[in-house]
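A short worksheet on the structure shown next.
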There are 2 protein chains.
Amino acid sequence: MVTRTAAQRRAGERGRYDAYLAACPARKLLDRISDKWVSLLLNALADGPQRYSELSRTIAGVSQKMLTQTLRGMERDGLVTRTVTAAVPVRVDYELTPLGASLLPVMTAIKAWAETNIDAVEQARRAYDRHSV
Amino acid sequence: MVTRTAAQRRAGERGRYDAYLAACPARKLLDRISDKWVSLLLNALADGPQRYSELSRTIAGVSQKMLTQTLRGMERDGLVTRTVTAAVPVRVDYELTPLGASLLPVMTAIKAWAETNIDAVEQARRAYDRHSV
DNA sequence: CGGGATCCCGTCGGATACTG
DNA sequence: CAGTATCCGACGGGATCCCG
């Protein structure tokens, strides 16, 4: 077997492609906001700061692990600020930064497309399922 | 143990919340376009129809499994059309539908935000990492 | 109250081999 | 050429327990 296998060739190409992808800002952002909890937290924090426990109740379905993990990630990316108030029961508030708030219009644009086109998508989906099942 | 545990209460709330989420058009759309391969295919198909093998080479890093699976999903949602030309070697072309094409501006908006703000995000990230490591 | 650490399971996605 | 079928490893994310 002198020639490289298809898998080997693809592996080489993938290396460069992954590097290209990793450098792509749009993909980085998509990876971030496409996260289920990030988008929900963005919405929850849109109308003012909230405490950890408030967020926990607002989002309802989230586990502490994911709530903490997601908030940490967003804080790291400068999308939210974390403010600890030393009291007897500790108090922690989260708030959108200007950067985080600037993401809201983008979410709105996505939402707008979704709301106008979701019917067409679901119709196409039903049509597809009908003749293929 | 008379009262329900926190987990039990959350489970109930999650049921309603999941239902709410499932009904949310914006989330459905996000789930779809946030997919790594969907966004790449959208871009690849932006400037005209392409054959299966062409897409395979354009995207480079994708496995046949994911390429086929993703294209099927997009076809189901009415974002692309699949045209089979019966010839000696079979020929299959994929093309964006108007619905699929209407998604491109949204992707552009996301890309625009990403390109103007990615520096701020990465700077915040470095600052965060510096004082916490 | 606001988490950190750990365990565990389900699903996603890659590799490989085979087919019309 | 354009897939389908199968195996399987990695990882995301929930549940649980514990701490400052």
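Chain letters run A, B, ... following the sequence lines, proteins first, then strands; residues in each count from 1. These figures come from a predicted structure and were not determined experimentally.
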Whole angstrom is fine here: how far is it from [atom1] in [X] over to [atom2] in [N]?
X	N	atom1	atom2	value
Asp35(A)	dC11(D)	CG	C1'	14 Å
Lys36(B)	dG12(D)	NZ	C1'	16 Å
Gln64(B)	dT19(C)	CD	C1'	13 Å
Tyr94(A)	dG3(C)	OH	C1'	8 Å
Gln50(B)	dC1(D)	CD	P	15 Å
Trp37(A)	dG13(D)	CH2	P	9 Å
Arg57(A)	dG2(C)	CZ	C1'	13 Å

Taking five pairs at each end of the helix from dC1(C)-dG20(D) to dG20(C)-dC1(D), what angle separates the two helix axes (nearest 10°)?
50°
Regarding Arg51(B) and Asp93(B), does a basic nitrogen lie under 4.0 Å from an acidic carboxylate oxygen?
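Looking at Arg51(B) and Asp93(B), the cut-off is not met.
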Report the residues that fulfil salt bridge (Lys or Arg N to Asp or Glu O under 4.0 Å) with Glu115(A), sequence neighbours left out, ordered by chain and then residue number.
none
Can you check whether Arg51(A) has a side-chain N or O nearer than 4.0 Å to OP1 or OP2 of dG2(C)?
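Indeed, a polar side-chain atom of Arg51(A) lies that close.
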With a 4.0 Å cutoff (strictly under), does any side-chain N or O of Tyr52(B) reach OP1 or OP2 of dT4(D)?
no
Strand contacts (DNA chain C) in residues 65-86 of chain A, 4.0 angstrom heavy-atom criterion:
Thr68(A), Arg72(A), Arg82(A)
Closest non-hydrogen contact found for Ile59(B) with Ala44(B) is CD1-CB, 3.9 Å
Find which nucleotide of DNA chain C each of Arg91(A) and Val90(B) is nearest to by heavy atoms, and output the residue with the more 5' nucleotide.
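In this pair, the answer is Arg91(A).
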Counting distance only, does the side-chain N/O of [X] pair as donor-acceptor with the main-chain N or O of [Y] below 3.5 Å?
X	Y	answer
Thr68(B)	Lys65(B)	no
Asp35(A)	Val38(A)	yes
Thr70(B)	Trp37(B)	no

Is the number of heavy atoms from other residues, nucleotides or ligands within 6.0 Å of CD (Gln123(B)) greater than 12?
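No.
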Using side-chain heavy atoms (C-beta onward) and a distance below 4.5 Å, is Glu95(B) in contact with Leu45(B)?
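Heavy-atom side-chain distance check fails, nothing below 4.5 Å.
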Quick one: do Val92(A) and Leu41(A) end up in the same hydrophobic cluster if we chain Ile, Leu, Val, Met, Phe, Trp and Tyr together by side-chain heavy atoms under 4.5 Å apart?
yes
